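Comments concern the structure below.
Computation of the quantities below employed the complete heavy-atom set of this structure, encompassing side-chain atoms and omitting hydrogens, waters and symmetry-equivalent molecules. First listed ligand is number 1; within each ligand, the first listed atom is number 1. In this text, all values refer to a predicted model and were calculated from it rather than measured experimentally.
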Amino acid sequence: MTGIDSLRNVLELECQKGYTDRAVIGGLDKYLHNQAGQIRQSINDRQLLKSFDELNLANSNYGSYSVDERKRWMASVFGWLERLQKPSKSSQLSAIGSQKAAPEPRQKRKEGLDSPITVIKGISTSVEKKFAKLNVRTVRDLLYFFPRRYVDYSQKKPISELIEGEEQTTVGTIWQARVAALGNRQGTEAIIGDQTGNIRAVWFNQPYLAKSFRTNARIVISGPVGLFKGHKVFESPEWELLGDKDLIHTGRLVPVYPLTQGLYPRQVRKWTKETVDGYVWQLSDFLPSEIEASCQLLDLPTAIAQIHYPDDQAMAARARGRLSFDELFLLQLGVLAKKRDWQESQPGNAFRIDREVINGFLQCLPFTLTRAQERVLQEILNDVKRPKAMSRLLQGEVGSGKTVIATLALLVAAANGCQGALMAPTEVLAEQHYANICDYLSQVGSQKSSSEPGEGTIRRYTRFLSRPLTIALLIGSLRAADKENLHNRIRQGKVDIVMGTHALIQKGVEFKKLGLAVIDEQHRFGVLQRSALRQKGFNPHVLVMTATPIPRTMALTLYGDLDLSVIDELPPGRQVVKTKCLEPQDREKAYTFLHRQVSNGRQAFIICPLIEESDILEAKAATTEYERLSRDVFPDLRLGLLHGQMPGPEKEQVMRHFRSGELDILVSTSVVEVGIDVPRASVMIVEGAERFGLSQLHQFRGRVGRDKEQGYCLLIPEKLSPEARERLRLMERVHNGFALAEKDLELRGPGEFFGTHQSGLPDLKLAKLTDLHSLELARREAMTLFQKDPDLKKAEHQPLRQQLSQAWSKEAEWS
Ligand code: ADP
Ligand code: MG
């Protein structure tokens, strides 16, 4: 739009407003004074130029005129405007209607996809560091840095049709822009007009924008339309000047990326756009073309381009479909290959089952096994007596008695002259297992005290076997000398059973003859960790234990390398945790209840709301809540704080303090979920309960009421929609983890079900957003391919083979 068009618009608006000099901020005179020169330059007819000069717009005096004078003045200016042979209104409108900008000429960039992201213009080494926090280091990473969602700014409207209260997009011309006081801070204010009217737009706290908003520039703005003093206004909308570039911030489905501190959405969009345009052509499509065709998948470069800047929602969905298929398919292929590798490449240890050892242990336990425990024990024994390595997933609710079963299996290994290892996700849990197993064993055998120095974590028991049985705890925080000592003993086969964290599978730990590895709390370890453990010796049997109930389809897909056993029965007499869903205004009552429990010598958890989008925000919120509770609510009690941003040793320390009773209340984010066992904890408050999945809530409440005393779980939602209330009410009635898991899956889908913590699997960035149907599709295709070409030896499968090893090598970064 030229300066003359703007002038016409401003004057028309001024007429509409009844000649009140309110069409432009600061008044018409100021506007004309500023604009006259530019308008003059656009006139190339000498006659018109002369008559324009006669109007003397640069020195107009409109503000001082009466209304009648203003009308007359206006008529003369319009008269002059009439004489300009301007294009008709309708053609102007169509020019505005088709504001799809010409696409930028794509420049193929030649640097390889593994180049550092600094090859992208504008990415400095300091920006590079920020991206590194998001695990984005190379151009390929940036191509695979997917938006979380899109804001739909694709529906464009003329200004007169904008509706208050909705997010909309409009295209117009900047009539005027200036720094303005908004509230008590400086911001930018602009008037934007099209043929149908004009609208004010304000940007709070961003006075510097005024400089970018040249008068008469064409601009696209997208955002919510509000009402201010009866006039519509865009408040801090997204904006973008129309030029020869593709729109990326407005006027389309705009990608919203996960960000970290110091990265701003506009910059990131600029960079992803440049990366997609410049590099996507280099991606080679690794999927066999039959699969692409039969599953109707987009090709890879298109999928990547569309997931960042989709043409429409349908294309975004197809892009996501293709890329999540890739993830699941590679996952399946990898899992199948791993299973075959360890089952077929080398024979396993066939254990002899010595009933005497087993019965001797069982007879001394203060309880008898439940039927479910019996059944699972038998499944395990059947596995380990074959010359093929066991790989079994043992699921069972918290408290269902998995540890006893694991202890038995470890004993069987020791009886066969093999070593056994039990690996837990945290030191505290490893210590817990160590204490429990020692406890079982000392009820049965007698402990021989050790005389050597530095042996705090080694114990010997007699009576089980023909020789003393040696148990040890190996964790990262041991003194170096103790660790060294333990390493030596493990290497020499002088330790029968060792418990630890993943310190167990690190370099330096060599077993003389590892026969059985037990991994507790499965979801923290991945298939690769399992195979790392297997490689510690002699293709050991592997038993994985989890308290997270995983529905069968899902388990088959995600843990396809494992056979399944389930303990679906709790020991008799177990109390269920009384669960109640409160209203937010009942919080005080919950605090009073909690305080009373603590006064009676109990301990409590307070779980802070889940903030899915950001661990940092979640940690901050938890810290604030912790401070508030310590200061205002429980000044007389001892509180501890646990969140995901704390360094590992600090977390361990807090959990240890809580376990040993040095703290009364543990304020925590969802990191507390995994298996911590604090017998004296009897009450848990979950804030923002509606944000968690049912399974997760069930896991939480499994942390309380672990001894004879009644446990209580109080759910406090933030906002309670009828559906959320319905869901939380299930927690009051249903106490079976599997039933809750199925319900969760049904209500929220698998993505939510698994939550954001997907560790242990190759990058599943998108697949968690998809459905069971995709899981099954990927599994089917992977099995078909695996049958046809198990080693991916065929020439046409080479790109796939390469991709597979890449996807699975990433996971090796876990340690
Ligand atoms: P899990 O690891 O499955 O959460 P544990 O093995 O830690 O469960 O068992 C929880 C508690 O139940 C322990 O105190 C254990 O001694 C006890 N327990 C295990 N099996 C039985 C049983 N069959 N009867 C009674 N108590 C049992
Ligand atoms: Mg356990």
Side-chain angles (χ1 to χ4, degrees), residues 358-359 361-380 392-411 420 422-426 428-445 471 473 497 499 501 517-525 543-550 564-577 605 655 659 672-682 684 695-696 698-711 713 735-738 740-741:
I358 293 171
N359 291 340
F361 178 79
L362 288 179
Q363 273 157 22
C364 298
L365 283 179
F367 49 77
T368 51
L369 295 186
T370 60
R371 262 172 322 190
Q373 281 172 313
E374 289 275 9
R375 189 188 63 238
V376 167
L377 175 63
Q378 204 49 55
E379 286 168 353
I380 291 170
R392 192 164 277 282
L393 175 63
L394 170 51
Q395 296 187 23
E397 292 244 12
V398 169
S400 60
K402 297 183 292 292
T403 313
V404 194
I405 301 300
T407 310
L408 270 163
L410 289 166
L411 264 182
L422 191 155
M423 189 158 77
T426 66
V428 171
L429 288 176
E431 284 167 12
Q432 218 168 266
H433 275 300
Y434 181 65
N436 286 343
I437 289 185
C438 289
D439 198 36
Y440 286 134
L441 295 177
S442 55
Q443 287 177 38
V444 186
I471 317 270
L473 175 67
I497 298 174
M499 257 137 273
T501 54
V518 180
I519 306 175
D520 192 21
E521 298 303 349
Q522 149 68 14
H523 51 294
R524 291 286 188 89
F525 292 106
L543 179 66
V544 177
M545 306 197 293
T546 177
T548 312
I550 303 163
L564 270 187
S565 284
V566 182
I567 305 186
D568 49 5
E569 180 185 6
L570 288 180
R574 210 35 82 66
Q575 310 206 34
V576 298
V577 175
F605 291 95
M655 290 209 264
R659 225 168 101 76
V672 82
E673 189 186 351
V674 173
I676 186 175
D677 189 1
V678 183
R680 290 201 311 135
S682 68
M684 169 175 284
S695 279
Q696 209 174 2
H698 186 64
Q699 287 278 304
F700 285 152
R701 73 178 167 188
R703 305 293 129 229
V704 297
R706 291 177 68 87
D707 64 358
K708 301 283 172 299
E709 301 287 321
Q710 179 64 53
C713 176
H735 291 272
N736 175 319
F738 278 88
L740 287 171

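Using a 4.0 Å cut-off to heavy atoms of T403, the atoms of ligand 1 that qualify are 2 (O), 5 (P), 6 (O), 7 (O). The L369 neighbourhood of ligand 1 comprises atoms 23 (N), with distances under 4.0 Å to a heavy atom of that residue. For ligand 1, the atoms lying closer than 4.0 Å to a non-hydrogen atom of T370 are 23 (N). Less than 4.0 angstrom separates some heavy atom of Q373 from each of these atoms of ligand 1: 19 (C), 20 (N), 22 (C), 23 (N).
Of the inter-residue distances, the one linking L564 atom CG with R392 atom CZ reads 8.0 Å to the nearest 0.5 angstrom. Between I437 atom CD1 and T403 atom OG1 the span is 7.0 Å, to the nearest 0.5 Å.
Within the 4.0 Å heavy-atom cutoff, T368 counts among the residues contacting ligand 1. At least one heavy atom of E397 sits closer than 4.0 Å to an atom of ligand 1.
Put simply, the side chain of R375 never gets that close to the backbone of S565: no donor and acceptor are under 3.5 Å apart. Remark: side-chain polar atoms of E379 are not paired, donor with acceptor, to backbone N or O of E374 under 3.5 angstrom. Q373 places a side-chain N or O within 3.5 Å of a backbone atom of G401 that can act as its donor or acceptor partner.
Ranked by closest heavy atom to atom 9 (O) of ligand 1, the top entry among A372, S400, G401 is G401.
For ligand 1, none of its N or O atoms has an N or O atom of F367 under 3.5 Å away.
Between the side chains of S682 and E709, not a single donor N or O lies within less than 3.5 Å of an accepting N or O.
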